[in-house]
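Here is the structure we will look at.
Each residue takes its place number in the sequence, starting with 1. Keep in mind the model is a prediction, meaning the values are calculated, not measured.
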Amino acid sequence: MEQQNPAPGTRRPGGRTARTRAAVRDAVLTGLGEHGYPGLTVEYVAERSGVHKTTLYRRWGGIEGLVADALDLAGEDGWTPPDTGDLEGDLRALAREVRDSFADPAAAAAPTAFVAAAFQSERAADALRAFYAERFARCEAVVERAVARGEAPAGTDAGAVVRAVSAPLFLRLFVTREPIDAALADQAAAATVAAVRAGAFTTGACTGPATASPAGG
């Protein structure tokens with residue numbers, strides 16, 4: 001069987017190559033923050049990262065590959081979801097993290113540009129989808145712990161729950177362009193918890209509301 005070369009930017013190298021990849025990723029993030037996706041160029045990334053543009057074209061194929069790999073590398077961090085001891089506290093902390101991530105316009109510039117890039121590049125869209133799928137998968141532990149504590153019905157769809165808590169925040173950030181604050185983050189968490197307890201996220205045969213736990217009264 002013929003061996004196929006991996007797509008540009010998909011290798012997971014170590015040593016000097018890993019440092020090069022990190023430098024390129026930082027340059028991409030800075031460029032997205034300063035110029036957005038339409039204004040990002042290979043020449044800018046080359047100058048900012050110190051990596052020759054011929055190397056960038058050879059290993060990443062162009063801007064689409066650079067943006068996709070920057071998202072892929074962003075998903076390799078050690079972030080873990082909060083563990084406050086109860087479902088509402090965990091979901092509130094998650095919602096507030098979303099709010100805090102976009103509270104500072106300078107810090108929000110790059111992630112906002114990633115979303116914009118996903119509307120202009122199918123490869124960027126695939127990378128963004130994979131990034132959030134991995135992030136949401138980490139967050140599922142929050143719901144699994146809640147089920148084990150009796151705060152949520154057995155059969156609760158953990159992935160649906162963690163998406164639901166951030167959905168109203170992303171709606172305002174990227175669709176209606178309305179501001180979000182801590183009160184809105186808390187409201188999103190409370191609404192999601194109420195829906196969980198009512199059995200709105202259960203799958204299969206488990207469709208009834210959750211049995212009230214001692215903590216829930």
Side-chain angles (χ1 to χ4, degrees), residues 68 71-72 74-104 107-108 110-112 114-119 122 124-217:
L71 266 171
D72 187 46
E76 295 177 10
D77 62 15
W79 181 86
T80 56
D83 186 0
T84 65
D86 69 85
L87 179 61
E88 185 161 4
D90 289 347
L91 294 183
R92 186 185 301 116
L94 285 174
R96 286 196 175 202
E97 280 195 36
V98 173
R99 183 261 177 189
D100 292 345
S101 296
F102 292 93
D104 178 10
T112 300
F114 275 128
V115 174
F119 285 93
E122 189 58 36
D126 289 341
L128 186 69
R129 190 178 303 114
F131 172 81
Y132 274 110
E134 196 274 341
R135 264 297 194 268
F136 288 136
R138 295 191 205 183
C139 293
E140 289 181 11
V142 164
V143 182
E144 292 163 0
R145 292 195 298 260
V147 172
R149 290 191 297 257
E151 293 180 276
T156 295
D157 185 336
V161 172
V162 296
R163 284 167 172 80
V165 73
S166 57
L169 307 179
F170 286 138
L171 171 70
R172 289 189 177 223
L173 285 166
F174 300 117
V175 178
T176 63
R177 304 295 293 168
E178 297 174 86
I180 60 174
D181 55 20
L184 183 67
D186 292 351
Q187 181 187 70
T192 303
V193 169
V196 168
R197 291 173 177 165
F201 294 104
T202 54
T203 58
C206 301
T207 57
T211 301
S213 65

Inset, instruction - Could you check V147, T156, V193, T192 and say which one makes a side chain to side chain contact (heavy atoms under 4.5 Å, CB included) with L87? - result: V193

Measuring from [X]:[atom1] to [Y]:[atom2], what's the distance to the nearest 0.5 Å?
{"X": "L91", "Y": "D186", "atom1": "CG", "atom2": "CG", "answer": "11.0 Å"}
{"X": "L71", "Y": "D126", "atom1": "CG", "atom2": "CG", "answer": "11.0 Å"}
{"X": "E134", "Y": "C139", "atom1": "CD", "atom2": "SG", "answer": "9.5 Å"}
{"X": "D157", "Y": "T203", "atom1": "CG", "atom2": "OG1", "answer": "6.0 Å"}

Inset, instruction - Compare all side-chain heavy atoms of V165 with those of R92 and state whether any distance is below 4.5 angstrom. - result: no

Inset, instruction - Please step through side chain to side chain contact (heavy atoms under 4.5 Å, CB included) for the pair L173 and T112, ending with a clear verdict. - result: CA-CA 9 Å; L173 285 166; T112 300; over 6 Å; no

Mind listing the closest non-hydrogen atom pair of [X] and [Y] along with its distance?
{"X": "P153", "Y": "G199", "value": "CG-CA, 4.2 Å"}
{"X": "V98", "Y": "S166", "value": "CG2-CB, 4.3 Å"}
{"X": "L94", "Y": "P82", "value": "CD2-CD, 3.5 Å"}
{"X": "R172", "Y": "L184", "value": "CD-CD2, 3.2 Å"}
{"X": "A154", "Y": "T202", "value": "O-CG2, 4.2 Å"}
{"X": "P168", "Y": "A188", "value": "CG-CB, 3.7 Å"}

Legend entry - Ring centroid separation F114 to Y132 under 6.0 Å: no

Inset, instruction - For F174, look at atom CZ and say whether over 12 heavy atoms of other residues, nucleotides or ligands are found less than 6.0 Å away. - result: yes

Inset, instruction - Return yes if some donor-acceptor pair links the side-chain N/O of R163 with the main-chain N/O of G159 below 3.5 Å, else return no. - result: yes

Legend entry - Derivation and outcome, side chain to side chain contact (heavy atoms under 4.5 Å, CB included), residues R145 and D90: CA-CA 10 Å; R145 292 195 298 260; D90 289 347; 3.3 Å; yes

